[in-house]
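What follows is a set of notes on a single structure, which appears directly below.
One-based numbering, in listed order, for ligands and for the atoms of each.
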Amino acid sequence: MNVRGPRRTLNPALQHTIPQQDIWHKKLILCRFFTSQNTSYSTYATPRTASEIPCVKQIPLLKNIVPVELILNGGAQKLHEFIDNRHKQLGPIFREQLGPITSIFVSEASDMRKIFANEGKYPKHVLPEAWLLYNQIKKYKRGIYFMDGEEWFECRKILNQILLKNFHITPQVSDFFTKYFDTWNENLNNGEIMDLEKRLYNLSIIFMILHLMGDSCITQAKTFTPMANKLASVVGEIFQWSVKLSTVPVSLAKSCGLKSWKNFVSSVDESIKISSDLLDTMNNLNWGNGIIREMIENGISGDSLRNIVVDFILAAGDTTATASQWTLYLLALNKDVQEKIFHELKHQDNYENVPLLKNSIRESMRLYPVAPFITRYLPTNTNIGKYTIAAGELISMSMYTCSRNEQYFPEANKFNPNRWIRSTGKSQYEMVTDPYATLPYSLGSRGCIGKKLAQTQLILTIGKIISTYELRVINRVGIKLNLITVPSEPVRLHIKKRK
Ligand code: HEM
């Protein structure tokens with residue numbers, strides 16, 4: 001993302017709250033009272049018009065205000081639950097007005113495929129308002145997440161060749177990770193690993209740098225640790241201020257000089273500065289033989305190189321760290337799976353060949369999709385489900401709802417990595433009726449460009465931790481949205497070195 005780039009699939013201004021489960025049912029009954037009539041899904045020979053898309057009728061005077069039930073029930077941080085309940089109430093396609101923004105929410109896998117198939121040559125997604133304003137004021141040019149049209153297309157074509165290939169785990173990188181995790185045993189607090197979130201973030205940055213510069217920089221990896229630590233704290237602040245900013249129009253926050261806007265700006269300034277310093281340090285080490293070298297050889301240089309690489313660093317950090325955190329949490333809760341992975345790892349040098357490890361990561365990203373919504377504006381009028389959606393309307397694909405749908409994943413709320421085993425002799429999975437119903441990295445030509453890197457890092461991180469430690473959960477956590485899907489409170493793990 002931007003600094004919150006890829007994860008920020010929903011405009012912060014869209015984000016608000018929702019109620020606790022026990023009072024939801026009553027509220028839904030009340031809501032139904034205000035609901036448009038056309039919510040049943042009988043077959044229509046011709047597509048219905050956009051005006052027929054179900055929605056909860058709003059009192060005209062309150063039209064531009066965020067729905068009361070959202071405000072009353074957790075705000076921006078519970079938007080995924082609010083939208084999930086709206087789907088239960090209104091069906092797989094509905095329209096929602098969230099403050100000044102209107103979006104059509106879609107939760108059927110086949111409809112999502114149709115959206116990606118019709119996204120056109122230059123797919124467009126929502127860009128976070130606060131970031132856009134920041135870039136405009138500072139005249140700051142960003143990486144590919146913020147690009148559009150031909151500029152995005154040309155740049156992405158080059159970067160696809162460099163980044164969308166398999167990154168294998170080299171013995172040097174594997175050895176580096178082994179040593180890194182060995183130190184986790186030091187300074188435990190009654191067996192608890194402290195600052196898990198920050199450690200994982202730090203690791204993501206180091207991993208990204210190792211690939212930007214290539215294996216040749218491995219001996220200098222420690223040089224980057226203090227900067228990666230600083231970046232972890234600053235990005236945490238950006239999250240915090242972005243969530244606060246999501247309750248007011250950003251331009252208003254700016255003109256009123258609100259603390260949330262000022263602090264957002266200074267934390268973004270700081271994050272870009274640290275990332276740029278990281279880049280200067282890499283430059284002084286002569287770039288090495290990694291991704292940056294390939295970018296230069298393919299004609300990307302100067303400010304473009306700097307902007308793209310800074311955004312890679314910022315995009316890689318918390319997405320991969322959060323996905324690692326969710327996977328470790330689920331494995332710590334499911335001791336049997338953890339032990340099976342440990343035994344499989346003992347007999348396999350190459351972690352990429354351990355199916356249960358890969359399936360556990362895949363399953364945890366299904367249950368906890370880092371990006372809970374993926375957005376698109378389609379270039380032409382398109383029939384989606386029973387409706388014609390007009391060109392240029394904002395569409396939000398409800399990844400959280402879709403990937404927990406029983407229709408696609410029987411026992412959908414259960415962590416079951418074995419659902420991803422293919423039935424003997426068949427191409428289908430055991431307990432997955434539509435594998436495209438969960439899209440943690442999105443789909444189509446604008447999907448995550450760091451996907452291959454992230455997958456390699458996740459396999460290496462989770463594999464090394466499980467082969468070194470036994471994990472036990474200390475606290476139970478829920479989900480909140482800090483622009484991406486994060487634990488409602490930091491995950492606390494007890495770790496014990498394996499013999
Ligand atoms: C588990 C880790 C990650 C997850 C779940 C994730 C998820 C996503 C998603 C869902 C999008 C798509 C947005 C859309 O379709 O509109 C995206 C885009 C993007 N991601 Fe990732 N990402 C991860 C790691 C990374 C890493 C390691 C990098 C570093 C290179 C990265 C760089 C980007 C960039 C630059 C884009 C924008 C692509 C474009 O607009 O063409 N991501 N990511």
Side-chain angles (χ1 to χ4, degrees), residues 1-11 112 115-116 119 121-128 131 142-149 151-160 162-165 167 200-201 203-212 275 290-292 294-295 307-327 361-362 364-378 394-397 399-400 402-403 438-462 483-486:
M1 97 172 203
N2 45 54
V3 176
R4 302 245 73 184
R7 62 197 76 155
R8 231 108 61 99
T9 48
L10 217 102
N11 187 319
M112 291 185 188
I115 293 167
F116 286 115
E119 64 185 6
K121 186 178 175 190
Y122 311 117
K124 274 189 80 139
H125 50 204
V126 153
L127 294 170
W131 280 98
R142 304 294 309 269
I144 51 169
Y145 188 75
F146 284 85
M147 290 179 191
D148 263 326
E151 183 194 23
W152 168 81
F153 184 78
E154 287 304 322
C155 195
R156 177 87 204 210
K157 217 164 44 183
I158 300 173
L159 293 173
N160 280 352
I162 303 171
L163 282 145
L164 290 180
K165 62 181 181 204
F167 290 90
L200 292 171
Y201 185 91
L203 197 68
S204 296
I205 302 292
I206 302 281
F207 186 84
M208 187 73 225
I209 292 170
L210 283 180
H211 284 84
L212 286 169
S275 311
I291 291 169
I292 296 186
E294 280 192 73
M295 285 170 70
N307 299 336
I308 292 169
V309 173
V310 165
D311 275 12
F312 279 170
I313 295 172
L314 296 171
D318 52 350
T319 46
T320 322
T322 305
S324 309
Q325 207 183 161
W326 283 123
T327 310
I361 294 167
R362 193 169 188 184
S364 82
M365 292 180 86
R366 176 185 73 80
L367 284 166
Y368 299 103
V370 171
F373 301 99
I374 292 173
T375 57
R376 286 291 182 269
Y377 300 94
L378 295 183
L394 173 60
I395 303 175
S396 302
M397 290 173 266
M399 290 301 159
Y400 172 81
C402 188
S403 63
T438 178
L439 298 171
Y441 298 99
S442 188
L443 199 68
S445 57
R446 192 127 212 186
C448 178
I449 198 157
K451 171 183 170 160
K452 296 279 184 183
L453 269 178
Q455 284 169 338
T456 308
Q457 192 201 317
L458 285 166
I459 288 174
L460 185 58
T461 303
I462 309 297
L483 307 175
I484 58 168
T485 304
V486 299

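Note that CZ of R362 is 9.0 Å distant from CD of Q455, once rounded to the nearest 0.5 Å. Put simply, OG1 on T319 and CG on L314 are 10.5 Å apart, with the number rounded to the nearest 0.5 Å. M399 contributes atom CE, which lies 4.0 Å from atom CD1 of I374 (distance to the nearest 0.5 angstrom).
Residue A315 has at least one heavy-atom neighbour below 4.0 Å for each of these atoms of ligand 1: 31 (C), 32 (C). Of all the atoms in ligand 1, the ones that sit under 4.0 Å from a non-hydrogen atom of F312 are 29 (C), 30 (C), 35 (C). Near R156, meaning under 4.0 Å from one of its heavy atoms, ligand 1 places the atoms 38 (C), 39 (C), 41 (O). Within the listing of ligand 1, atoms 14 (C), 16 (O), 40 (O) sit less than 4.0 angstrom from a heavy atom of H125.
Proximity of a side-chain donor or acceptor of T485 to a complementary backbone N or O of P369 within less than 3.5 Å is detected. T456 contributes a side-chain N or O that, together with a main-chain N or O of F167, makes up a donor-acceptor pair within less than 3.5 Å. Without hydrogens or angle criteria, T375 side chain to V126 main chain gives a donor-acceptor distance under 3.5 Å. Panel note: side chain E119, backbone S445; a donor-acceptor pair is recorded below 3.5 Å. Remark: side-chain polar atoms of R376 are not paired, donor with acceptor, to backbone N or O of I395 under 3.5 angstrom.
Considering backbone and side-chain atoms alike, T320 places every N or O at 3.5 Å or more from each N or O of ligand 1. For the pair S442 and ligand 1, the shortest N or O to N or O distance falls below 3.5 Å. No N or O atom of Y441 sits closer than 3.5 Å to an N or O atom of ligand 1. Any N or O atom pair closer than 3.5 Å counts here, and S445 shares no such pair with ligand 1.
A heavy-atom separation below 4.0 Å is found between M365 and ligand 1. Residue-ligand proximity: R376 is placed with a non-hydrogen atom under 4.0 Å from ligand 1. Residue contact annotation: W152 has a non-hydrogen atom under 4.0 Å from ligand 1.
Under 4.0 Å from ligand 1, not a single heavy atom of K451 appears. Using a 4.0 Å cut-off between heavy atoms, P440 contacts ligand 1 through its backbone alone, with no side-chain atom that close. In I374, the part holding a heavy atom less than 4.0 Å from any atom of ligand 1 is the side chain. With a heavy-atom cut-off of 4.0 Å, R446 touches ligand 1 through backbone and side chain alike.
One option in I144, L314, T319 has a heavy atom closer to atom 23 (C) of ligand 1 than any other, and that option is T319.
Between Y145 and R446, the shortest heavy-atom contact is O-NH2, 3.3 Å.
Proximity of I291 to L453: side-chain heavy atoms (C-beta onward) are separated by under 4.5 Å at one or more points.
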